[in-house]
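Basis for what follows: all heavy atoms, side chains included, without hydrogens, waters or symmetry-related copies.
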Amino acid sequence: MTDNASNSPHDQAGNRANKHKGHGPRNCWLGRRSSASASAPWPLVIDLSRNKGERTWWAGLATLMAGLALALGIGLSSTGTRFDQATALADAAETAADSKNMADRTESLGPWAAAPTPQYFPIMAGHKESESADQSAAPFIRTITIGRGDTMTEALMRAGIDRAQAHAAITALSKHYDMRRLAIGQIIDATLEADGKALSLNSLALRASYDRLIIADRLADGRYEARNEALEVTPLLAYGSGTIDDSLYLSARAAGVPAEVIVELIRLYSFDVDFQREIRAGDRFEILYQRTMAQDDGAIEDGAILYARLNLRGRDLPLYRHTPADSGDWDYFDENGKSVRKALMKTPLDGARLTSRFGKRKHPVLGYVRSHQGVDFGAPTGTPVFAAGDGIIERSSRYGSYGNYVRIRHNGTYKTAYAHLSKYGRGIKQGVRVKQGQIIGYVGATGRVTGAHLHYEVYMGEERVDPLTLKLPSGRVLTADALDAFIEARQQTDADRLALSRAQAILLAKAD
């Protein structure tokens, strides 16, 4: 009958709902509900592709959204972020209601078309950091360079190391290394490990020399213990030669000879050569010396001079480093086995008696105890005083309480001084070269004294030492078996020198 039909949208929707009520297959996939549960207000499983817009469809959608929100809330709360489940359910229901107007537009998209866009909740930054803190970071090495005005403690702290750990490690290193020797540019390797937001110092390594490393390791109890580690090295020979244009030093430097080796060369020859007066343009030099190279980084340590030769206006002055088997002490000899080192006289005057020794004594004029930095020899006024060794007059003048005073530089190591002289020897003045045994003055009583005597001092470097106990070069001459052994060693040195000389000539020829 026509009056049973209605063309209104509302009646058409009701008819569509009634058409499906209680019909269709049972127990379908994704839980199409059975007729037995048709009246349930909040069905547990709903096929969202059917009955769109009906009460059961909206109930199912709200249930789905609530479940998603609850799952996200549980996951988030497990990571340390609080999540309010009641709020999540309310938000899901509101989202479902807002989606009602989309239902008719999404009929053909399948069961999940109307689901809301997923919401992403960021993990809290604090939690992320705590995860990193739980993971042990791998140790790493930080290279630290000592700068101008730095102490090691300051340099380590600037690199982020705790003051207490830095001090403990440095204390351990100090047992093997004098920290006062730290120089600008000194490299230190610190092995560090992240300890939360701080850095923990595992070890500290300092290169003490080209072949020795000092390492301070942290122990289990937090203390640091230092140890020496020898580095592998390779022995080398180095050779240099050339013509002197201006000075021996500058010419040798131009030939690639290290500065320290040149200084030692000059010191060796200063017994016999006046480098201020006797070196001329056109003179020649030659040198063979040892070098040692560290295998890990190629660091070089320059060693002893094995052979040297100066040719000064035709005067040939070769020397060889040699250790006689019967003494065990190395020395430098000329080609005939005679030591090129000259002995210094312990008593540079004849017929003298020792009146005062080196050390503390009661001063005869001042009357109190003070250090006596030389020895006194009593002798009549006018007794000749001799140069204790070859050298150059460094000072010849009146010198305070010393009275008339002469100081002689013998080489880079030794100087001698003579005080209270009555007068100077003939021609003795600053810059003059003298020979061992030459008269440089006469005993007197000038300056602060009570009577005529010679006050004699020996300097080793800048320090005054006791002339009577000083172990001085012997000026030895090798003979017999010792001479034979020296000649054999000299021949080997000559072979090495000639081989390197040829190699140098070949390199120079190729360079030209």
Pair Y320 and Y307, ring centroids less than 6.0 Å apart: yes

S339 versus D331, side-chain donor and acceptor atoms under 3.5 Å: yes

Nearest-0.5 Å distance that lies between atom CD1 in I215 and atom CZ in R207: 11.0 Å

Minimum heavy-atom distance between S396 and I428, given as atom pair plus value: OG-O, 3.5 Å

Distance under 6.0 Å and angle within 45° of ring axis: R142 vs F140: no

Value rounded to 0.5 Å, distance of CD1 in I279 from OH in Y269: 10.0 Å

Value rounded to 0.5 Å, distance of CZ in R223 from OG1 in T171: 12.5 Å

Check: F486 ring centre within less than 6.0 Å of F333 ring centre: yes

Basic-acidic side-chain contact under 4.0 Å: D494, R497: yes

Donor-acceptor side-chain pairing of Q504 and S241 below 3.5 angstrom: yes

Of L156, D189, I187, the residue whose pairing with I144 passes side-chain contact (heavy atoms from CB on, under 4.5 Å): L156

Pairs flagged by salt bridge (charged side-chain N to carboxylate O under 4.0 Å, His left out) wherever residues 161-173 is involved - sequence neighbours left out: none

Lys/Arg-Asp/Glu bridge criterion (N-O < 4.0 Å) met for D283, R313: no

Non-hydrogen atoms of V233 and D211 that approach each other most closely: CG1-CB, 3.5 Å

Between Q436 and D390, a side-chain donor and acceptor under 3.5 Å: no

Residues E229, R227: salt bridge by 4.0 Å N-O rule: yes

Test side chain to side chain contact (heavy atoms under 4.5 Å, CB included) applied to S501 - qualifying residues, sequence neighbours left out: Y239

Nearest non-hydrogen partners of I262 and A252, listed with the distance: CD1-CB, 3.5 Å

Spacing of R464 atom CZ and K415 atom NZ [to the nearest 0.5 Å]: 12.0 Å

Minimum heavy-atom distance between G374 and E457, given as atom pair plus value: CA-CG, 4.0 Å

Crowding at CD, E154 (>12 non-hydrogen neighbours, <6.0 Å): yes

D150 CG to M157 CE distance, which is reported to the nearest 0.5 Å: 12.0 Å

D326 and R476 ion-paired at < 4.0 Å: yes

Aromatic plane relationship, Y405 with Y402 - under 30° parallel, 30 to 60° tilted, over 60° perpendicular: tilted

Minimal non-hydrogen separation, A417 against Y459, with atom names: CB-CE1, 4.2 Å

Flag for H167-T153: side-chain donor and acceptor within less than 3.5 Å: no

For R407, all residues meeting salt bridge (charged side-chain N to carboxylate O under 4.0 Å, His left out), sequence neighbours excluded: E394

I188 CD1 to I141 CD1 distance, which is reported to the nearest 0.5 Å: 14.0 Å

Test item: side-chain donor near acceptor, T234 and Q295, under 3.5 Å: yes

Y418 and Y456 aromatic centres sub-6.0 Å: yes

Shortest non-hydrogen separation from M152 to L204 and the atoms involved: SD-CD2, 4.3 Å

